[in-house]
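Just so you know, residue 1 is the first one in the sequence shown, and it goes up from there. Computed from a predicted structure; not experimentally measured.
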Amino acid sequence: MKAYWVNGGRPLEGTVAIHGAKNSVLPILAACVCCAGICEIENCPRIADVDTAVAILEHLGCRVVRQEHRLMVDATTVDRCDIPGDLMGGMRSSILFLGALLTRCGQAELSLPGGCALGRRPIDLHLWAAEELGGCWEGCGPGLRCTCRSMVGCRLPLRCPSVGATENAMLMALGCQGVTTIENAAREPEITDLARFLTAMGAKVVGAGTGTITVEGGQPLHGACHRVMADRIEAATYLCAAAGCGGRVELVGAEPDALTPVTELLERSGCILRPTERGLLLQSDGRLHTPGPVVTRPHPGFPTDAQAPMMAALLRAAGVTEFTETIFENRLRHVEQLRRLGADIRQYGSRALVRGVSRLHGSVLEATDLRCGAALLIGALQAEGDSTVLGVHHIRRGYDNIAETLRAVGARIWEIDYTG
């Protein structure tokens with residue numbers, strides 16, 4: 001079993017190169033299916049979820065060539081519209097192939113998506129959007145079949161600003177006749193990045209980044225080149241690590257505007273941040289104080305994906321910090337693991353009160369999901385002595401060579417074979 005061994009208690013100094021965004025590249029890779037052309041995706045992170053997306057593309061008949069952080073996807077040879085359960089179960093974003101296949105093939109045969117177990121993550125909004133646009137679906141057990149003879153654009157008022165449902169609706173709208181208007185759309189930066197890619201393919205998309213997105217369907221689509229935006233959650237993770245451990249770290253390639261909800265909290269905690277010609281610089285003496293309540297919200301609020309890393313950064317902060325998770329019901333599973341380091345955290349349902357302690361100590365920890373894993377590494381880096389973090393496969397889903405990256409800024413962290 002693979003694990004990370006961490007010897008904590010050292011400040012972090014140096015530069016970190018931020019990779020392409022996991023939450024951006026996955027819908028972009030699904031979108032490649034929409035056109036019978038060749039797409040080149042630059043700044044593509046080397047993470048497990050991308051490997052799963054590539055496997056799905058290849059299963060559908062695409063030819064995929066990878067060179068370091070560049071992917072070439074030739075979708076001219078798509079010859080099937082089904083995705084087996086083992087590939088669907090590999091990640092949550094596999095559901096985005098529903099919209100892409102409906103646009104390209106007029107039908108899709110899928111099963112329920114997988115990914116981190118963060119509580120109920122229904123796909124009813126995705127299926128509702130398909131029905132509203134003219135699709136029909138039927139399911140038997142975990143299987144799902146969706147077909148459409150002709151899809152017509154319409155008004156799609158989402159009951160909540162779901163990122164995945166917004167992305168799927170955008171992909172479905174490409175294959176519709178007429179205009180689709182997505183209301184109460186998610187406004188995350190990754191939505192805007194997807195819209196840029198679709199526009200490069202020949203689509204007409206207006207309003208991405210706002211609550212109302214319009215897509216003029218029926219446009220001829222062609223191959224395109226696109227550079228994936230920087231991963232704001234990866235950047236937030238390294239910011240939180242440097243804040244909690246202390247030190248001076250420059251994030252090369254980070255996009256400060258996309259990080260405002262995170263950087264504002266870190267500044268209120270006592271960190272110094274400033275943009276640089278290459279990205280963003282953080283300085284911290286490691287003696288933080290509570291920034292006040294942390295409440296996760298849809299963009300432009302504080303991102304749920306950064307909640308666990310921020311909590312880990314504040315384990316030794318003076319005062320009490322209240323965290324409230326409003327997006328996913330099981331997003332506080334890192335709390336129990338962080339307590340093993342000596343953290344003082346009391347949980348009340350979706351709320352957690354973190355009282356800063358003066359010292360943390362090493363322990364054996366187990367990541368139960370991707371962002372939990374990031375939080376455990378941040379906690380272990382601050383702890384005195386040795387820690388072992390299990391569940392490496394979760395962390396690999398969203399971080400490109402995280403151990404190597406942290407070592408480059410002075411962390412003592414290695415991937416090991418753990419035998420217990």
Side-chain angles (χ1 to χ4, degrees), residues 1-22 25 43-55 66 68-69 90-91 114-117 231 233-242 244-245 247 249 251-253 305-306 308-309 311-313 315 333-334 336-338 340-341 343 360-420:
M1 178 190 305
K2 294 295 183 181
Y4 290 123
W5 172 84
V6 180
N7 179 258
R10 299 183 64 176
L12 304 181
E13 302 276 350
T15 61
V16 170
I18 301 303
H19 300 94
K22 165 188 174 290
V25 72
N43 201 29
C44 181
R46 295 173 296 187
I47 56 177
D49 273 13
V50 166
D51 295 339
T52 300
V54 167
R66 182 162 203 155
E68 293 298 323
H69 290 94
M91 64 176 182
C116 294
D231 195 322
I233 305 303
E234 181 189 44
T237 299
Y238 292 126
L239 287 174
C240 288
C245 294
V249 172
L251 305 186
V252 177
D305 282 350
M311 184 181 294
L315 295 179
R333 295 202 296 170
H334 48 282
E336 178 183 352
Q337 298 297 314
L338 292 174
R340 296 184 181 184
L341 296 171
L360 299 170
H361 55 77
S363 184
V364 177
L365 313 168
E366 183 168 6
T368 55
D369 60 70
L370 170 58
R371 307 306 173 185
C372 168
L376 300 188
L377 291 180
I378 294 171
L381 289 170
Q382 299 174 69
E384 299 175 6
D386 298 342
S387 294
T388 303
V389 179
L390 309 177
V392 167
H393 63 285
H394 288 298
I395 300 171
R396 285 176 176 165
R397 286 190 49 236
Y399 292 96
D400 188 333
N401 287 324
I402 191 169
E404 180 181 330
T405 300
L406 289 168
R407 280 199 304 275
V409 291
R412 288 175 288 193
I413 174 173
W414 301 92
E415 185 173 308
I416 62 170
D417 290 315
Y418 181 74
T419 59

How far does CG of Leu365 sit from CG of Leu377, to the nearest 0.5 angstrom?
9.0 Å
Main chain of Thr368, side chain of Arg333: is a donor-acceptor contact present, judged purely on distance under 3.5 Å?
yes
Sequence neighbours excluded, which residues qualify as salt bridge (Lys or Arg N to Asp or Glu O under 4.0 Å) partners of Arg412?
none
If only atom types and distance count, is the side chain of Arg407 paired as donor or acceptor with the main-chain N or O of Ile413 below 3.5 Å?
yes
Would you sort out whether Arg340 and Ser387 count as a side-chain contact (heavy atoms from CB on, under 4.5 Å), showing the intermediate values?
CA-CA 10 Å; Arg340 296 184 181 184; Ser387 294; over 6 Å; no
Could you work out, with side-chain hydrogen bond (donor to acceptor under 3.5 Å, both in side chains) as the rule, every residue matching Asp51, not counting sequence neighbours?
none
With sequence neighbours excluded, tell me which residues meet salt bridge (Lys or Arg N to Asp or Glu O under 4.0 Å) with Arg396.
Glu415
Under the side-chain contact (heavy atoms from CB on, under 4.5 Å) test, which residues partner Val54, sequence neighbours left out?
Val50, Glu58, Val64, Leu71
Among all residues two or more places apart in sequence or in another chain, which pass the ring-ring contact (aromatic ring centres under 6.0 Å, His included) test with His69?
His19
Value rounded to 0.5 Å, distance of CG in Leu338 from SG in Cys372:
7.0 Å
Identify the heavy atoms of Gly379 and Leu360 that sit nearest to each other, and give their distance.
O-CD1, 4.0 Å
Ignoring hydrogens and geometry, is there a side-chain-to-backbone donor-acceptor pair from Glu13 to Gly247 under 3.5 Å?
no
Do Tyr238 and Ile18 have side-chain heavy atoms sitting under 4.5 Å apart?
yes
Could Asp231 and Lys22 be called an ion pair, given the rule that one side-chain N must be under 4.0 Å from one carboxylate O?
no
Measure across Arg397 and Ile47 and return the closest heavy-atom pair with its distance rounded to 0.1 Å.
O-CD1, 3.3 Å
Where at least one partner belongs to residues 1-12, residue pairs that pass salt bridge (charged side-chain N to carboxylate O under 4.0 Å, His left out), sequence neighbours excluded:
Lys2-Asp417
What's the separation between atom CD1 in Ile378 and atom CG in Leu315, rounded to the nearest 0.5 Å?
9.0 Å
Hits for side-chain contact (heavy atoms from CB on, under 4.5 Å) against Ala308, two or more places apart or cross-chain, chain-then-number order -> His334, Arg371, Ala375
For residues Leu251 and Ala235, report the shortest heavy-atom separation together with the two atoms involved.
CD1-O, 3.5 Å
Distance col, row Thr237:OG1 vs Asp305:CG, nearest 0.5 angstrom, shows 8.5 Å
Which heavy-atom pair separates Leu370 from Gly398 by the least distance, and what is that distance?
CD1-N, 3.5 Å
Shortest non-hydrogen contact from Ala236 toward Ala306
CB-CB, 4.2 Å
Please name all residues satisfying side-chain contact (heavy atoms from CB on, under 4.5 Å) with Ala3, sequence neighbours left out, ordered by chain then number.
Thr388, Leu390, Ile416, Tyr418
Under the salt bridge (Lys or Arg N to Asp or Glu O under 4.0 Å) test, which residues partner Glu384, sequence neighbours left out?
Arg359
Please list, chain by chain and in numerical order, all residues satisfying side-chain contact (heavy atoms from CB on, under 4.5 Å) with Cys245, sequence neighbours excluded.
Leu12, Leu381, Gln382
Over all heavy atoms of both residues, which pair between Pro309 and Cys240 is shortest? Give the atoms and the distance, please.
O-CB, 3.6 Å
Checking side-chain contact (heavy atoms from CB on, under 4.5 Å) for the pair Tyr4/Ile402: CA distance, chi angles, key distance, verdict?
CA-CA 10 Å; Tyr4 290 123; Ile402 191 169; 3.7 Å; yes
